[in-house]
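What's counted below: heavy atoms across the whole structure, side chains too, no hydrogens, waters or symmetry copies. Computed from a predicted structure; not experimentally measured. In what follows, chains are A, B, ... by sequence order, proteins preceding strands, each numbered from 1.
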Number of protein chains: 2
Amino acid sequence: MAANSQFAMAVHVLTLLARSGEAAVKSECVAGSVNTNAVVIRRLLSQLNQAGLVASQTGAFGGTRLAKTPNAINLVDVYKAVCCGEVFALHGSPNQDCPVGKNIEAVLCNLQKEIDSSVTVALARYTLADVMESVEQA
Amino acid sequence: MAANSQFAMAVHVLTLLARSGEAAVKSECVAGSVNTNAVVIRRLLSQLNQAGLVASQTGAFGGTRLAKTPNAINLVDVYKAVCCGEVFALHGSPNQDCPVGKNIEAVLCNLQKEIDSSVTVALARYTLADVMESVEQA
DNA sequence: TTGAACTGTAACTATACTTGTTACAGTTAT
DNA sequence: ATAACTGTAACAAGTATAGTTACAGTTCAA
């Protein structure tokens with residue numbers, strides 16, 4: 001239970017909300033499908049809410065629904081909403097007196113950007129509607 | 001110091017070894033450039049050794065050198081040698097009684113493979129020789 | 001053949017991140 | 001008013017990485 005599975009959970013949750021259409025879904029109900037605690041779901045929904053992907057209503061008979069149509073929700077948006085977005089981390093503080101240590105950071109930083117960008121491009125090919133369709137077909 | 005920076009460290013270390021050519025480099029010396037402990041370096045070198053990227057010699061005047069030419073070392077090889085190779089993790093155990101929970105795993109698994117593959121493709125464009133050149137130019 | 005200089009690896013600590021859980025303040029429909 | 005929600009703080013537990021010490025095993029050189 002250490003690996004970051006927030007993106008996977010987010011896609012699951014959004015797919016669930018998409019199927020409910022306009023009807024608000026309770027965090028307890030979502031938690032039942034994901035098989036986790038409702039607070040974990042509410043924490044996740046809080047991030048998706050900040051990203052403008054969902055809208056929640058407090059109070060009795062409240063709950064959460066999508067803030068956009070499934071077609072308008074790209075998986076990149078989901079990824080950026082819940083992930084730090086770095087495939088690999090840069091290492092601490094290389095020795096600046098070493099010719100390699102002095103320059104490797106900049107080189108690795110450019111590489112990092114390029115790799116992260118490739119992930120973004122790959123995710124951008126899919127929307128929540130595509131995921132729904134795949135889930136339906138399975 | 002929690003994020004996985006092993007790939008970044010590995011590229012740094014390999015670049016250093018590449019510059020030394022045939023001469024074996026001591027772990028203590030590598031640690032000096034990376035600015036970390038020699039044991040951390042030896043642990044990393046152990047993984048690179050298992051991947052056939054470097055060769056070590058024990059005993060006095062021992063050390064480590066590249067097992068291939070910089071041109072023959074692709075960054076994908078380095079990535080696979082030190083990383084688990086998953087951009088995002090799947091989540092635990094979705095509820096199989098839920099239509100979404102039942103099928104989302106397979107969909108996410110396919111997506112995961114595709115995203116991981118895009119990282120591989122992006123890394124495959126570079127060899128250690130390319131990194132060396134970039135470090136030299138900086 | 002002894003000793004010094006290395007690697008390889010186990011074991012432990014510190015730190016940090018994710019998840020799960022309880023608790024509770026705030027909000028809303030009936 | 002009250003019951004039913006969300007939002008969020010606070011804490012515990014599990015796990016991964018990094019750093020450190022210690023030491024067995026290997027190799028060269030005198």
From the list D:dC28, C:dT9, C:dT7, which nucleotide is the closest neighbour of the side chain of B:Lys26?
-> C:dT7
Hey, is the side chain of B:Ser27 poking within less than 4.0 Å of OP1 or OP2 on C:dT7, counting only N and O atoms?
-> yes
Interatomic distance, B:His91 NE2 vs C:dG20 P [rounded to whole Å] | 11 Å
Is the shortest distance from a Lys or Arg side-chain nitrogen in B:Glu86 or B:Lys113 to a carboxylate oxygen in the other one below 4.0 Å?
-> no
Stretch residues 28-43 of chain B: residues that reach within less than 4.0 Å of DNA chain C through a heavy atom = B:Val39, B:Arg42, B:Arg43
Decide if atom NZ of A:Lys68 counts as having more than 12 heavy atoms of other residues, nucleotides or ligands within a radius under 6.0 Å.
-> yes
For DNA chain C, the residues among residues 92-112 of chain A that have a non-hydrogen atom under 4.0 Å from it | none
Kindly determine whether A:Ile41 and A:Asn37 satisfy side chain to side chain contact (heavy atoms under 4.5 Å, CB included), including the steps that lead there.
-> CA-CA 7 Å; A:Ile41 296 298; A:Asn37 192 286; over 6 Å; no
Side chain to side chain contact (heavy atoms under 4.5 Å, CB included) with A:Val30: which of A:Leu16, A:Thr36, A:Val40?
-> A:Leu16
Atom CD of A:Glu28: over 12 foreign heavy atoms under 6.0 Å | no
Within less than 4.0 Å of OP1 or OP2 of C:dC17, is there a side-chain N or O belonging to A:Gln6?
-> no
For side chain to side chain contact (heavy atoms under 4.5 Å, CB included), just list the numbers for A:Arg65 and A:Val25, CA-CA rounded to whole Å, side-chain angles, deciding distance to a tenth of an Å, and then say yes or no.
-> CA-CA 6 Å; A:Arg65 54 190 168 76; A:Val25 184; over 6 Å; no
The nucleotide from C:dT9, D:dT6, D:dC28 with an atom nearest the side chain of A:Ser56 is D:dT6
Send over the distance from A:Phe61 CZ to D:dA4 P, rounded to a whole Å.
-> 8 Å
Expressed in angstrom and rounded to an integer, what is the separation of B:Leu45 atom CG from C:dC6 atom C1'?
-> 13 Å
Rounded to the nearest Å, what distance is computed from the CG atom of residue A:Asn49 to the P atom of nucleotide D:dT6?
-> 12 Å
Does D:dT17 have OP1 or OP2 sitting under 4.0 Å from an N or O in the side chain of B:Ser5?
-> no
Quick one: A:Asn4 CG to C:dC17 P, roughly how many Å, whole number?
-> 12 Å
